[in-house]
Amino acid sequence: MLSNLDYQIFHLFNEQANSFSALNGLMRFFAEDAQYVFALALLLYWFSRNTLNRKMVLSAAVSASLGMGISFIIGHLMYRDRPFVTHTVIQLIKHPANASFPSDHAIGAFALAVTFWLYGKRFRIFWLAAALLIGFSRIWAGVHYPSDVAAGALVGALCAVSTRFMLLRFKRPQQLADSCLELYEKAEHKIWNKSTKPQSEDA
């Protein structure tokens, strides 16, 4: 399953941890902690109390969950050891020796970044760049092969596009999302009275 080219590209990127060690701290951040920036963004968009933002957060959550489900299935059907299990690598972060293919970090990052892009967020280029850096840093840090990241990015992006398509084209998913949002907002209004009407334009 692992091609020679895949390993060569991995080795090229991973070796940069020695050649450009000054960047290792930044790469550790993206490999381990940048995902929490995405999580914080979801919370901020949700509590902006903007209806479109909340629909976007629901879409992002469904996309990421769907991607993780697909990853679970692929990981069991096409199991691949992580680079540090079968090769001598420069490993910058601790990680369990579980399935390497595809990258869950790439799935989550791209599911959210592509969802933000599809909803026309002002900082969509920033989010896409952050997703790319998360994927790249996982190779640099020695815990994923390039094809792990590429497959994860593809799965995440496809899940985001598919979820957005379903919410736009099919009534049942739209109605379900609207009902969930309505139920939440009814409960929210009881504990957090609005002082202003919901914004109707992009935040």
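By the 30° and 60° cut-offs, the orientation of the rings of F165 relative to F170 is perpendicular. Note: H95 and F84 have tilted aromatic rings, judged against thresholds of 30 and 60 degrees for the angle between ring planes. Using cut-offs of 30° and 60° for the angle between ring planes, the F136 and F13 rings count as perpendicular.
Between R138 and M27 there is no side-chain heavy-atom pair separated by less than 4.5 Å. Residues K121 and W117 are not in side-chain contact: their nearest non-hydrogen atoms beyond the backbone lie 4.5 Å or more apart. The side-chain heavy atoms of P83 and V143, taken from C-beta on, include no pair separated by under 4.5 Å. F29 places a side-chain heavy atom less than 4.5 Å from the side chain of V37.
Across A153 and A106, no two heavy atoms sit closer than the pair N-CB, 3.8 Å. Scanning both residues, D104 and M68, for their nearest heavy atoms gives O-CE, 3.2 Å. Scanning all heavy atoms of the two residues, the minimum distance from T51 to L181 falls at CG2-CD2, 4.1 Å. Closest heavy-atom contact between P146 and D6: CD-OD1, 3.2 Å. Scanning all heavy atoms of the two residues, the minimum distance from A131 to F110 falls at O-CE1, 3.5 Å. Of all the heavy atoms in V89 and G142, the pair that sits closest is CG2-O, 4.0 Å.
I134 and F123 fall within the same hydrophobic cluster, where Ile, Leu, Val, Met, Phe, Trp and Tyr residues are linked whenever their side-chain heavy atoms come under 4.5 Å apart, directly or through other members. The hydrophobic clustering, which links ILVMFWY residues whose side-chain heavy atoms are closer than 4.5 Å, places L112 and L43 together. Under a hydrophobic-cluster definition in which Ile, Leu, Val, Met, Phe, Trp and Tyr are linked whenever side-chain heavy atoms come within less than 4.5 Å, directly or via other members, V155 and M166 are assigned to different clusters. L40 is not connected to L133 by any chain of hydrophobic side-chain contacts under 4.5 Å among Ile, Leu, Val, Met, Phe, Trp and Tyr, and they are in different clusters. Clustering ILVMFWY residues whenever any of their side-chain heavy atoms sit less than 4.5 angstrom apart, transitively, puts I90 in the very cluster that holds F20.
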Point to revise | ring pair (Phe, Tyr, Trp, His ring centres under 6.0 Å) assessment of W46 paired with Y184 | key: CA-CA 11 Å; W46 182 264; Y184 171 82; 5.0 Å; yes
Item to complete: Quick one: do F38 and W127 satisfy ring pair (Phe, Tyr, Trp, His ring centres under 6.0 Å)? Show the steps, please.
Response: CA-CA 8 Å; F38 276 94; W127 292 118; 5.0 Å; yes
Derivation of the side-chain contact (heavy atoms from CB on, under 4.5 Å) call for Q16 and S21: CA-CA 7 Å; Q16 305 313 306; S21 58; over 6 Å; no
As a quick check of understanding, evaluate side chain to side chain donor-acceptor pair (under 3.5 Å) for D148 and S100, giving each step before the final call. CA-CA 7 Å; D148 299 338; S100 184; 2.4 Å; yes
What do the steps show when you test R54 against D178 for salt bridge (charged side-chain N to carboxylate O under 4.0 Å, His left out), and what is the final call? CA-CA 10 Å; R54 285 185 165 178; D178 289 341; over 6 Å; no
Under the criterion ring pair (Phe, Tyr, Trp, His ring centres under 6.0 Å), I'd like the reasoning laid out for F116 against Y45: C-alpha separation, chi angles, the key distance, then a yes or no.
CA-CA 10 Å; F116 294 164; Y45 280 130; 5.3 Å; yes
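Donor-acceptor pairing under 3.5 Å is recorded for the side chains of R164 and Y119. Counting only N and O atoms by type, the side chains of H11 and Y145 include no donor and acceptor under 3.5 Å apart.
Counting heavy-atom neighbours within 6.0 Å of L12 CG, excluding the residue itself, gives a total above 12.
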